Amino acid sequence: MSNNGSIKPHSQNSRIEVIASHILTSTTLNPSSMASEKEAAIAAAAAPPPADAPTIFDKIINKEIPANIVYEDDKRPFSALPDLQRVLAFRDINPQAPTHILIIPKVRDGLTGLSKAEERHIDILGRLLYTANVIAKQEGLDDGFRIVINDGPNGCQSVYHIHVHLLGGRQMNWPPG
Ligand code: 5GP
């Protein structure tokens, strides 16, 4: 995809195009014909990639494509962390709030989504949430923020490498859509 890591203004169409670019690599569906994120997620479920298939996030981790990185464990004083506990955080290419950051494990270790979590993942899952808190402070989100983990087609997940969304900088609504 043509990701330059920069923040684009939110639009429903661009959101759908981002999702579609990850899931429609081998289908004949046209991204522009999709009416909603929900349909994009359903399309993803209809043509799921192999569980070990790399995602766009691997390219970001490997610095093959640019991203606006806001946090990386390897650059921290406590970089003695085991590989399986290291995280990377970068700004979402299609932000849904003034601050929208994705926090991911640098090694996926089978965690395509939260529903694939096993007991061995407890440390990395805790670190993803802890890091969200560190970044929220770094970003000055002192009045609050929201954490989202989309899972599977019903959860509108589009990238199958577990990630925590950190959203802030505006009043959130409840219930979520
Ligand atoms: P999901 O829908 O799977 O919960 O969230 C995936 C997120 O990844 C979306 O919010 C989408 O905008 C973001 N995303 C997809 N591709 C890229 C990319 O290439 N770069 C960045 N920075 N974000 C991306």
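Order of appearance sets the numbers: ligands from 1, and atoms from 1 within every ligand. What you see is a predicted model, and the numbers here were worked out from it, not measured in a lab.
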I want to know if ligand 1 touches Ile56 in the polar sense, i.e. an N/O pair below 3.5 angstrom.
no

Under 4.0 Å from any heavy atom of Asn150, which atoms of ligand 1 are there?
1 (P), 2 (O), 4 (O)

For ligand 1, note which part of Ala67 has a heavy atom under 4.0 Å away: side chain, backbone, both or neither.
neither

Which segment of Leu102 sits under 4.0 Å of ligand 1 when only heavy atoms are counted
side chain

Using side-chain contact (heavy atoms from CB on, under 4.5 Å) as the criterion, list what pairs up with Gln171, not counting sequence neighbours.
none

Closer than 4.0 Å to some heavy atom of Ile60 - which atoms of ligand 1 meet that?
20 (N)

For His100 and ligand 1, does the shortest N/O to N/O distance drop below 3.5 Å?
no

Listing, residues 141-148 side-chain donor-acceptor contacts under 3.5 Å, not counting sequence neighbours, or none:
residue	atom	partner	partner atom	Å
Arg146	NH1	Asn173	O	3.0
Arg146	NH2	Asn173	O	2.9

May I ask you to check whether His165 and His163 place their ring centres under 6.0 Å from each other?
yes

Which of the atoms of ligand 1 are close to Gln157, meaning less than 4.0 Å from one of its heavy atoms?
3 (O)

For the side chain of Gln138 and the backbone of Gly140, is there at least one donor-acceptor N/O pair under 3.5 Å apart?
no

Is the closest heavy-atom distance from Lys59 to ligand 1 below 4.0 Å?
no

Between Tyr71 and Phe90, is the ring centroid distance below 6.0 Å?
no

Contact check, Gln96 vs ligand 1, heavy-atom distance below 4.0 Å:
no

Can you confirm whether Asn154 is buried at CG, in the sense that more than 12 heavy atoms of other residues, nucleotides or ligands lie under 6.0 Å from that atom?
no

Taking heavy atoms and a distance under 4.0 Å, where does Val148 meet ligand 1: side chain, backbone, both or neither?
neither

Heavy-atom contact check, 4.0 Å cutoff: does Phe57 meet ligand 1?
yes

Answer yes or no for Cys156: is there a heavy-atom contact with ligand 1 below 4.0 Å?
yes

